[in-house]
Amino acid sequence: MSVRNRFGTAAAIALMTTVGAVLLSACGPDNAGSDPTAAPGTSAPGTAAPGGSTHPGSPSTSGGGTPAPGAKEVNGTTAANHLTISTGTRAVAMNGTTVDFGTVVRDLAWSPDGTKAAFVDGNGDLVVANPDGTGKTTLAKNPGGETWSHPSWQHAAKDPGDDSLPDATERFENIVFAAAKGGVLRLETIPAKAVGGTPEVLTPHSSEGGDPNLPQPPQTGNTWANAGGRHGEIAYANTPADEVYIYDDYIRPAARDLGKGSQPALSPDGEHVVFVRSVSGHDHLFSRSTQFDQKNEKDLTPGATTDYTEPAWSPDGKTVAARTPDGVSTLPADGSAAATQVSTVKGLPAYRP
């Protein structure tokens, strides 16, 4: 049975896993004061345990792991490859070492310019911080009884020649994330510069204004939002339907069904999406165009003998990183070569632009 299928329902929210701090190799840190052996924090009632962020559509908890006896831990993150790995503890792997954020970090995501990190902390709150863990700002405090997961930066640049926003360099910048309450999943959104704000429910429609005469996309069961492109498109998954949707609310808000799958990741230009689908007992990575009239799906991991999950795109759009049971692997985004393991750190991969 695939990992995704074991944990791909809303019931997975209730699972709690406790793990120790991740001990990672250190080679040339660019952040002073990092402590690879920092102990995890504590979690508040109603949130996942410090060791992992268990969320619907997720194949496993984002807990740190230790190598087999006698094996050497391979960090696998460098300043050159931009890869980072959040492990559900205080330690985030980046630049060949670990950075102690001073709190549990779950589901870390980077801002489009790489200067800020958004994540869910040990209290279940939505937090933004500097890359070294300092300057924390609580965008929204969890009201209790909810589980928040997988934040993503939604950025829409100002159109060239648009004089309606003369002093703005961006049209909007939000954080979109999944919120589960009472077993019901919805997407929520909040401005990225909020302080102690209140998130709003994101309501996907099939057309601008939500024409009631047209079939509407599901309003609940939505999770794993991932934004990309200069217009702030959002790919997300719906469970238990196991469908991937893309939502564009830049000019003409509309949601479209892209087909079967989960855990979608949009390319930096918003032109392609990589997602997870079970094939012959393993989770494979598939890619396809986000254009409605192009359905040229491609299996990037044919013949996979392990599970590839939680994909992330490199800033240049040429590489995809994915989580495996043994750590993190990368592969060409066009599927021209097989995946190669680059890290034994077990957690959620993300690229810092």
Side-chain angles (χ1 to χ4, degrees), residues 10 12-14 43-48 53-58 62 86 88 101 103-112 116-129 135-156 170-205 210 216-228 231-239 245-250 253-255 263-266 348 350:
I13 301 166
S43 58
T47 65
S53 171
T54 307
H55 33 72
S58 173
S62 298
S86 57
F101 271 60
T103 182
V104 168
V105 175
R106 302 190 183 102
D107 299 349
L108 182 146
W110 294 99
S111 62
K116 295 290 182 179
F119 57 92
V120 178
D121 73 0
N123 294 319
D125 301 333
L126 185 63
V127 174
V128 167
K136 296 182 188 66
T137 300
T138 301
L139 271 63
K141 190 171 181 61
N142 194 308
E146 298 187 15
T147 300
W148 292 355
S149 64
H150 208 263
S152 181
W153 292 77
Q154 182 195 25
H155 172 80
E170 59 195 32
R171 184 159 179 169
F172 58 77
E173 186 166 20
N174 302 318
I175 302 293
V176 181
F177 62 98
K181 182 178 181 180
V184 178
L185 275 165
R186 290 185 174 89
L187 296 181
E188 296 192 3
T189 181
I190 190 170
K193 296 180 180 179
V195 178
T198 301
E200 297 182 355
V201 174
L202 180 66
T203 305
H205 296 294
Q216 298 299 315
Q219 302 301 299
T220 62
N222 296 327
T223 186
W224 204 275
N226 185 268
H231 290 159
E233 300 94 334
I234 303 169
Y236 65 94
N238 181 266
T239 182
Y245 288 82
I246 186 167
Y247 182 60
D248 178 6
D249 62 357
Y250 184 70
Q263 302 169 19
L266 273 173
L348 180 75

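Looking at T103 and K136, their side chains come closer than 4.5 Å, going by heavy atoms from C-beta outward. Using a 4.5 Å heavy-atom cutoff, the side chains of S152 and I175 are not in contact. Residues I234 and I246 form no side-chain contact, since every pair of their non-hydrogen atoms from C-beta on lies 4.5 Å or further apart. Under the 4.5 Å side-chain criterion, counting only non-hydrogen atoms from C-beta, P264 is in contact with W224. For the pair P151 and D107, the minimum side-chain heavy-atom distance is below 4.5 Å. Put simply, the side chain of Y236 does not reach to within 4.5 Å of the side chain of T223, judged on heavy atoms. For the pair V104 and F119, the minimum side-chain heavy-atom distance is 4.5 Å or more. A heavy-atom distance below 4.5 Å is found between the side chains of E173 and P112.
With hydrogens and angles left out, the side-chain atoms of D125 and N142 include no donor and acceptor closer than 3.5 Å.
Between F177 and W148, the ring planes are tilted. Angles from 30° to 60° get that label.
Here the side chain of Q219 pairs a donor or acceptor atom with the backbone of P217 at under 3.5 angstrom. N226 contributes no side-chain N or O that, together with a main-chain N or O of A235, makes up a donor-acceptor pair within less than 3.5 Å. Checking side-chain atoms of Q154 against main-chain N and O of G232 turns up a donor-acceptor pair under 3.5 Å. No side-chain donor-acceptor contact under 3.5 Å links N222 to the backbone of P204. Between the side chain of D121 and the main chain of N123, a donor-acceptor pair closer than 3.5 Å is present.
Here the shortest heavy-atom pairing between E146 and A179 reads OE1-CB, 4.2 Å. For R106 against G122, the heavy-atom pair with the smallest separation is NH1-CA, 4.0 Å. Closest non-hydrogen pair, A140 versus I190, comes out as CB-CD1, 3.7 Å.
Looking at V128, N174, V176 one by one, the single match for side chain to side chain contact (heavy atoms under 4.5 Å, CB included) with W153 turns out to be V128.
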So T239 and L185, side-chain contact (heavy atoms from CB on, under 4.5 Å) or not? Walk me through it. CA-CA 9 Å; T239 182; L185 275 165; 3.6 Å; yes
Does E233 form a side-chain contact (heavy atoms from CB on, under 4.5 Å) with L266? I'd like the steps, not just the answer. CA-CA 8 Å; E233 300 94 334; L266 273 173; 4.0 Å; yes
